[in-house]
Amino acid sequence: MVVLITAIAPEAAAVASAFSLKKSVSRGSFTLYERDDRSFCLLVTGAGKLNAAIAVTEYLSLSSFSDTDIFCNLGICGTTAALPKGSGFLCVSITDLASHKTIYPEVYGHPFREALLATSDTPVTGQTKTFVPEVSARLPQLFDMEAYGVAVALFRLVPPSHCFFYKVVSDFCDSAFPSAEEVTALLQPHLPVLSSFLQETAEQLSGQAVHHPSQTTETAEALSCRYPFSATMKHRLFQLLTYAKLAGIETEDMLSAYTDAEKPPSKKTALTLLNDLEEFLQSPGACGSVPSPVLSPAGKKLLQPFRHIYVEREAEHSPAALHLYERFPDASFIPIDHYKDVFNRSRQNLLQQETEPSLILAVNHGRLFYPGAPVCQSFGAEHFLYTSCVMNCLYDCDYCYLQGMYPSGNIVVFVNLEDYFTELTRLLSEHPVYLCCSYDADLAALNGIFPHAEAFCRYAAEHPGLRLELRTKCAPLPLIQKLPPVKNVILAFTLSPQELITRYEHYTPSLLARLAAAKEAAKRGFSLRLCFDPLLDVPEAERLYPEMIEQVFSVLSPEEIADVSLGVFRISGSYLKQLRKAKPSCAFSFYPYELTDGICHYRPERCQVLLETVKKALYLHGVTDEKIFIWTPDGSGKGATSC
């Protein structure tokens, strides 16, 4: 359902007439109009921010709105800009002029012009001085008296991607306010296109809504009724059956002994059932003979990045921002006070952000360098650090821990690199540093827009006490050809079988493209690391990975490789919990992992099989143990190796 929200009767008259709405409810705080098929309804709040907030809050408390309902605040507005009267805008930020607090809807592809909106407690006049700094001049500034109240009420319960604010210019903040008839006439021309957009958005969001696959499974319901599962055991059952459904594993035959059993079920047999089911799902042949086509959402859209660029006020005049103004002239540049105002919003639409990520420019005043995590390899270094000068990745790998680590799919770029280098110089004065600068983002993939990767490499060339690892899934030929070879810079290429790249590593370059870039790096004298990490326990893994090794050494020779990194898939337990929410249709989220010291991983025997499979393939091409670094759950991979 599409819920339109207006403040005054002339605005409501335009909407009610256009959609054949009839008054259904009239309460103290709001009036409600509805269509017979209930596809549209109209909420009239009364004028003013407080009235709007009260009316919307009461409506939400009384209505049974669904996760796919769309809300749109529609009305007239004033402006001090030279805009045509009657022009319409979709608003990308709503600021309260009384408190200077701002709310940011999630706005994606649409046919409208965009603007900033400020809500005032009294009518704004031409004499009003706004707080909006110079950067906001890139978008028109509009004024109304209700939107912030509507936004505050909606955003407590409704995802920001479900809320829209569409305003039509009616005056220029002077005394010439329109009549009731003029207000109705100003809104009417905008309603056909706006309603079409809102309906299409509602359908799209409905398609994204993924119901827990196992909850509709007859077997799950039957077992839950038959066996005395505790709440914890029932949760485990649904998780296992969810994984089976997503991975395309047939469990009916395996469970038939339990569904058809004549003996009275007990808690002991219920536990045995769960253990047997988990053992079955982890067995190598459980998924059939080919990688399951259900492991990731089908029909990925083309990547359409950076239509919206949020800029912290402290970063608006930075060289990075000035570069973006020229590089993306059609993007909307939205001023913000702090990156967390956008990046840490509640209930963000990660599925939409994966295909249309926004960019956030910020200045990092917090910690700049961190000790390497236990899930990462230190390669024997005593002082192993990593840094996150960029948060989040342009790519979308189904198994990526970042989707469990961050609340957003948008990308934060910290523009104060000089502060990073100042702190790094201080650390190097105390001891050598092994630094990974590209774990929480692929810096090489972004280097054409933000040359952070290049800047770190050039810094390393001047500081021999630094060993720098630049890890990537891209094929950064322009960066490799631009830089002189730096011996203390390790270019680390993460490689996967092409079948797995196609299925799970969305938007990344092919295996052959990565190998071509690695070959060029080796020719130019860079230290080269190959990372077969993470190894995924997928059907036919024992065929796919050796075949990939054959491809690798048809392009590269062992002499061109400094070392090799091996590691099975692992993820923090807390990140996995968030990943299940972010990727409810992905089997990697629900695999029955084992937990060791807070880290989820495959069973040790499966880890060993995967690692030995790749090691044997490497041995056949002359790669010795001295060059192989291994991560294992129990730390037994240290010898040659890891953290």
Looking only at heavy atoms, the pair that brings A315 and V363 closest together is CB-CG2, 4.1 Å
Any side-chain heavy atom of L618 within less than 4.5 Å of one from F532?
yes
With distance as the sole test, does H463 use its side chain to make a donor-acceptor pair with the main-chain N or O of G465 at under 3.5 Å?
no
Got a sec: does the CD of E326 have more than 12 other heavy atoms crowding it under 6.0 Å?
no
Looking at A118, is its backbone amide N or carbonyl O close enough to the side chain of T95 to form a donor-acceptor pair, meaning the two atoms are under 3.5 Å apart?
no
Does any N or O in the side chain of S388 come within less than 3.5 Å of the main-chain N or O of M391, such that one atom is a donor and the other an acceptor?
no
Roughly how far, to the nearest 0.5 Å, is CG of L117 from CD of Q141?
7.5 Å
Measuring only between side-chain heavy atoms, which start at C-beta, is Y593 closer than 4.5 Å to R603?
no
Would you say R524 has more than 12 foreign heavy atoms packed within less than 6.0 Å of its CZ?
yes
Using side chain to side chain contact (heavy atoms under 4.5 Å, CB included), reason through L468 and I490 one step at a time and then give a plain yes or no.
CA-CA 6 Å; L468 179 74; I490 303 165; over 6 Å; no
For H235, does the NE2 atom have more than 12 heavy-atom neighbours from other residues, nucleotides or ligands under 6.0 Å away?
no
What residues form a ring-ring contact (aromatic ring centres under 6.0 Å, His included) with F421, not counting sequence neighbours?
F456, Y459
Does a side-chain heavy-atom distance below 4.5 Å link L536 with V568?
no
Under a 3.5 Å distance rule, please check whether R345 uses its side chain to pair with a backbone N or O of Y104 as donor and acceptor.
yes
With sequence neighbours left out, the residues meeting side-chain hydrogen bond (donor to acceptor under 3.5 Å, both in side chains) with D341 are none
SG-CG distance between C163 and L157, expressed to the nearest 0.5 angstrom
10.0 Å
What verdict does the side chain to side chain donor-acceptor pair (under 3.5 Å) test give for S438 and E469, after you've listed the backbone C-alpha separation in whole Å, the side-chain angles of each residue and the deciding distance to 0.1 Å?
CA-CA 8 Å; S438 191; E469 184 200 79; over 6 Å; no
Give a yes or no on whether a salt bridge exists between R606 and D537, defined as a side-chain N under 4.0 angstrom from a carboxylate O.
yes
Evaluation steps, side chain to side chain contact (heavy atoms under 4.5 Å, CB included), between F333 and E316
CA-CA 10 Å; F333 288 86; E316 65 185 29; over 6 Å; no
Which heavy atom in S589 sits nearest to a heavy atom in L576, and how many Å separate them?
O-CD1, 3.5 Å
I would like to know whether Y575 and I599 meet side chain to side chain contact (heavy atoms under 4.5 Å, CB included); could you show each step before the answer?
CA-CA 9 Å; Y575 292 171; I599 304 301; over 6 Å; no
Where do Y504 and F588 land on the ring-ring contact (aromatic ring centres under 6.0 Å, His included) test, with the steps shown first?
CA-CA 10 Å; Y504 313 131; F588 289 114; 5.0 Å; yes
For E430, which residues count as a side-chain hydrogen bond (donor to acceptor under 3.5 Å, both in side chains) partner, sequence neighbours excluded?
R426
Between D563 and R529, does any NZ, NE, NH1 or NH2 come within less than 4.0 Å of an OD or OE carboxylate oxygen?
yes
Please walk me through it: do D419 and T422 pass side chain to side chain donor-acceptor pair (under 3.5 Å)?
CA-CA 5 Å; D419 294 335; T422 298; 5.2 Å; no
Can you tell me how far apart OH (Y339) and CD1 (I336) are? Round to the nearest 0.5 Å.
10.0 Å
So, taking the atom named CD in E505 and the one named CZ in R503, what distance separates them when rounded to the nearest 0.5 Å?
13.0 Å
Among residues two or more places apart or on two chains, list those pairs meeting side chain to side chain donor-acceptor pair (under 3.5 Å) that have a residue in residues 400-409.
Q348-S408, Y401-D440, Q403-K583, S408-N410
Please determine whether side chain to side chain contact (heavy atoms under 4.5 Å, CB included) holds for the pair I360 and I411, giving the CA-CA distance in whole Å, both sets of side-chain angles, and the decisive distance to 0.1 Å.
CA-CA 6 Å; I360 306 171; I411 298 174; over 6 Å; no
Provide the full list of side chain to side chain donor-acceptor pair (under 3.5 Å) pairs with a residue in residues 475-494, sequence neighbours left out, each pair given once.
E454-K482
Can you confirm whether the side chains of R514 and T508 place a donor and an acceptor under 3.5 Å from each other?
yes
Residues that S574 engages under side chain to side chain contact (heavy atoms under 4.5 Å, CB included), provided they are two or more places apart:
S572
Looking at R347 and E106, is there a salt bridge between them, counting it only when a charged N and a carboxylate O are closer than 4.0 Å?
no
Closest approach of L246 to P584 (non-hydrogen atoms, all atoms of both residues)
CD1-O, 3.9 Å
Can you check whether G366's main-chain N or O pairs, donor with acceptor, with N364's side chain at less than 3.5 Å?
yes
Taking the side chain as every heavy atom from C-beta outward, state whether F369 and L424 have any atom pair closer than 4.5 Å.
yes
Is there a donor-acceptor contact under 3.5 Å from the side chain of Y243 to the main chain of F238?
no
Does any N or O in the side chain of E312 come within less than 3.5 Å of the main-chain N or O of A362, such that one atom is a donor and the other an acceptor?
no
Heavy-atom distance under 4.5 Å between the side chains of N392 and V412, does that happen here?
no
Have Q352 and S161 got a donor and an acceptor in their side chains that come within less than 3.5 Å?
no
Using 30° and 60° as the class boundaries, would you call the ring planes of F414 and Y420 parallel, tilted or perpendicular?
tilted
Establish, from distance only, whether the side-chain atoms of T472 and D442 form a donor-acceptor pair under 3.5 Å.
yes
Answer yes or no for R307 and Y108: cation-pi contact, defined as NZ/CZ to six-membered ring centre under 6.0 Å and angle to ring axis within 45°.
no
Would you call D337 and R313 a salt bridge, taking side-chain N to carboxylate O under 4.0 Å as the test?
yes
Between E354 and H506, is the side chain to side chain donor-acceptor pair (under 3.5 Å) condition met? List the steps.
CA-CA 10 Å; E354 287 169 352; H506 309 291; over 6 Å; no
Decide if the gap between the ring center of Y591 and the ring center of Y602 is smaller than 6.0 angstrom.
yes
Could you check whether any side-chain heavy atom of P105 comes within less than 4.5 Å of a side-chain heavy atom of F155, counting everything from C-beta outward?
yes
K49 side chain to T119 backbone, donor-acceptor under 3.5 Å:
no
In the structure I gave you, are the side-chain heavy atoms of V564 and F629 within less than 4.5 Å of one another anywhere?
no
Are Y507 and Y395 an aromatic pair, judged by ring center distance below 6.0 Å?
no
Is the closest basic N to carboxylate O distance between E560 and K523 below 4.0 Å?
no
With no hydrogens and no angle check, do the side chains of H308 and E356 hold a donor and an acceptor under 3.5 Å apart?
no
With a 4.5 Å limit on heavy-atom distance, are the side chains of I334 and L139 in contact?
yes
Write down the atom of A321, the atom of L361, and the distance for their closest heavy-atom approach.
CA-CD1, 3.6 Å
